[in-house]
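Read through the structure below, which is laid out as structure tokens, and then see the notes.
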Amino acid sequence: MSRMAATRDGYGQALLDLASNPKVVVLEADLGKSTKSLHFRKQHPERTVSCGIGEQNMLLVGAGLASSGYIPFASTFAIFTERAFEQMRNGVARPNLAVHLCGSHGGTHTGTDGSSAQSIEDLAIFRTLPNVVVMHPCDDVSTRELTMQLPELGKPSYMRTARNKTPVMYDGKESEIKIGKGMVLREGNDAVIIACGVMVSESIKAANSLEEKGISVTVVDMHTLKPLDTDLIKSLVEKCGVVVTAEDHNVIGGLGGAVAEYLSSNCPVPLEMVGVKDRFGESGQSDEMLDLLEISSPFIEDAVNRAINRK
Amino acid sequence: MSMSNEEVEEFARKCRVEIVKMVYRAQAGHPGGSLSEIDLISALYATRMRVRPSEPKWEDRDRFILSKGHASPGMYAVLAEMGFITHTDLESYRVLGGVCQGHVDMKWCPGVDFSAGSLGMGLSFGMGCAVAAKLENSDRRVFVMIGDGEIQEGSIWEAAMAARHHELGNLKVILDRNRIQNDDFCEVQMRMFDIPAKWKAFGWTVKEIDGHNMNEISEGLDFLEQTNDGPAILIAHTIKGAGISYMENNPSFHGAAPNDEQYHQAMVELGEVEV
């Protein structure tokens, strides 16, 4: 049994690790206990700016800090980052100011808080913004590592983290994680599953189950949705022939959309997209949500079979 | 820079000429709010701002954030008078590839510290700049100009609350109270009642002046410079379109250009052309 951890804890740890850089500042909108920026706040209150429950202000305070040479890390729930979308668009992305926004508790996996808290469109909307790097890591190790790389990025970013614990994939493999580079976690020849976030472990489960039935599947953790690692996708399409995407996000505009955009123009092959089918969730446990919305591992398995049948 | 009130008035007159020329050439833009703000920005730059036109990115410069970024011709005119850009650059207003984009943009124009265009954003951005100055123990100041219609944006009040919470004495706001917004008079669009009381209730120090009277503007800027224990706001009562008779108090000239005849009349009224 692998170690279980929440990606948000990786984010909180990374902020602490980054504190040795005096230009790193943390912005909060009253959810530091949840997003895990509180650890930084406790140790470095002088470099933590409370913006109260005011996400629009927070994004632009970040922009002002970035324009003055600081490296601001702002976090709130994924759903509330959307409230400041235009601030991110006009105040951060357009002038290309390196504000790093983290939306925790993303996706339906966040569970019992219900549909108002289950952001299923954040990855799509931030992906449409020029200059913005969009990430959704799958475990605490990769979240920490990707966050640690942000000060060198020199452009704004959005990272979705998750509230609940998921299996850790990267213990001991930290050095292999790079922004913009997808990671092959499991190799097979019959299909490739490209997943992000909590769906990476679901995809591994699906692949293990398929293996027992004689189907070998590659699983990729596409922690960076933008820029998309198209070189990796191209090589895996050549090897496997069909693609399945898996995300805890609306099927419109997220990882599946990004992969579809690439495939349709460059190497059209059968693609099945596992994601939330353009509907809202409801209150329930994480595993119940994945089943209700038909994105848990059995549904990924079905999608792989459908894709292979289209070969 | 040291200038007498009379010299600042002449500085502002020259800027008014450029504002009208820019909008006339482009046959688009926002003359009304540029003319209402221009005496204030002229005085601020000509007598207070610690900036280096030859070194626009000097780290310890005072920041000026034009949050009502549609009133860009006013700021461009001032930047040209100050030497950040040339008067020829003003011809690029709203022209493809020009440094003078429709709304002021830090990526395009030397001397511009904020990419504006969406109302309600500059105060928050300015707050970030003010926090940065405090973190660095720098005595640079952050001046933010906002419009009166603009304070209908809710995010203005997020920033107002946060700036006082953080006791940002280096954050200094000028409110251009010209009483007109895009569609009509503010009073028609959204009554705002007692604006000074609202800012006081958010913990700000407030002073009101006539935004076209150089003596009062000078006193108002003294007030901003001397209020350092928390954020301060100077509410400047202005006239939209000030200086051009047919534009004054006329909502039509929020975002419209003069025609040939109106342009000629404006140049006459500004003393550029003899009757």
Side-chain angles (χ1 to χ4, degrees), chain A residues 19 21-30 41 44-74 76 80 83-101 129-131 154-156, chain B residues 56-65 67 69 101 103-109 112-138 140-142 144 153-168 170-171 202:
Chain A
N21 181 340
K23 290 296 182 187
V24 168
V25 290
V26 161
L27 309 186
E28 295 186 331
D30 199 40
R41 185 211 311 154
H44 307 281
E46 76 293 346
R47 273 193 281 152
T48 306
V49 184
S50 166
C51 295
I53 307 171
E55 298 79 11
Q56 298 175 53
N57 185 47
M58 177 172 71
L59 260 285
L60 292 164
V61 169
L65 279 157
S67 82
S68 304
Y70 282 86
I71 306 167
F73 286 80
T76 180
F80 304 139
R83 188 189 196 100
F85 175 73
E86 199 221 336
Q87 278 77 9
M88 187 71 170
R89 193 267 184 198
N90 265 335
V92 174
R94 198 168 54 101
N96 198 17
L97 293 167
V99 176
H100 302 297
L101 176 61
L129 295 180
N131 295 329
K155 56 199 318 200
Chain B
K57 292 289 181 192
W58 171 45
E59 270 187 25
D60 251 346
R61 69 191 182 279
D62 287 343
R63 304 299 200 268
F64 175 68
I65 311 297
S67 190
Q101 295 283 300
H103 293 71
V104 289
D105 196 313
M106 62 190 285
K107 289 292 173 189
W108 286 84
C109 187
V112 172
D113 287 322
F114 171 62
S115 294
S118 183
L119 294 177
M121 291 195 180
L123 184 54
S124 298
F125 187 95
M127 179 183 155
C129 295
V131 170
K134 266 183 86 167
L135 283 171
E136 287 173 21
N137 292 317
S138 164
R140 64 180 183 255
R141 294 89 50 89
V142 182
V144 180
E153 289 281 7
S155 59
I156 284 283
W157 302 102
E158 290 184 8
M161 190 179 285
R164 177 57 209 263
H165 175 75
H166 291 283
E167 303 293 4
L168 297 175
N170 53 356
L171 183 62
F202 276 75

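This is a predicted model, so every value here is computed, not measured. In what follows, chains carry the letters A, B, and so on, assigned in the order in which the sequence lines appear, proteins first and then strands, with residues in each chain numbered from 1.
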Task: Engaged part of Met106(B) at the chain A interface, taking heavy atoms whose separation is under 4.5 Å - done: side chain
Open item on the list: Does atom CD (Glu59(B)) have a neighbourhood of more than 12 heavy atoms from anything else shown, all under 6.0 Å?
Closed with: no
Task: Closest contact, heavy atoms only, Ser67(A) versus Phe125(B) - done: OG-CZ, 3.4 Å
TODO: Evaluate the side-chain proximity of Glu86(A) to Ser155(B): yes if any heavy-atom separation is below 4.5 Å, no if none is.
DONE: no
TODO: Count the heavy-atom pairs under 4.5 Å between each of Gly126(B), Gly117(B), Cys129(B), Ala162(B) and chain A, then report the option with the highest count.
DONE: Cys129(B)
Task: Which portion of Arg61(B) sits near chain A, non-hydrogen atoms under 4.5 angstrom - done: neither
Open item on the list: Counting heavy-atom pairs under 4.5 Å with chain A, which one of Ser118(B), Ala130(B), Ala133(B), Ala116(B) comes out on top?
Closed with: Ser118(B)
Open item on the list: Less than 4.5 Å to any heavy atom of chain A: does that hold for the side chain of Glu136(B), its backbone, both, or neither?
Closed with: both
Task: Which atom of Glu158(B) lies closest to which atom of Gln56(A), heavy atoms considered - done: OE1-N, 3.4 Å
Task: His166(B) side chain to Ser50(A) backbone, donor-acceptor under 3.5 Å - done: yes
Open item on the list: Shorter than 4.5 Å, heavy atoms on both sides: which option in Leu97(A), Leu59(A), Asn57(A) has the most such pairs with chain B?
Closed with: Asn57(A)
TODO: List the atom of Met127(B), the atom of Val49(A), and the distance in Å for their closest heavy-atom pair.
DONE: CE-CG1, 4.3 Å
Task: Heavy-atom side-chain proximity of Leu65(A) to Leu135(B) below 4.5 angstrom - done: yes
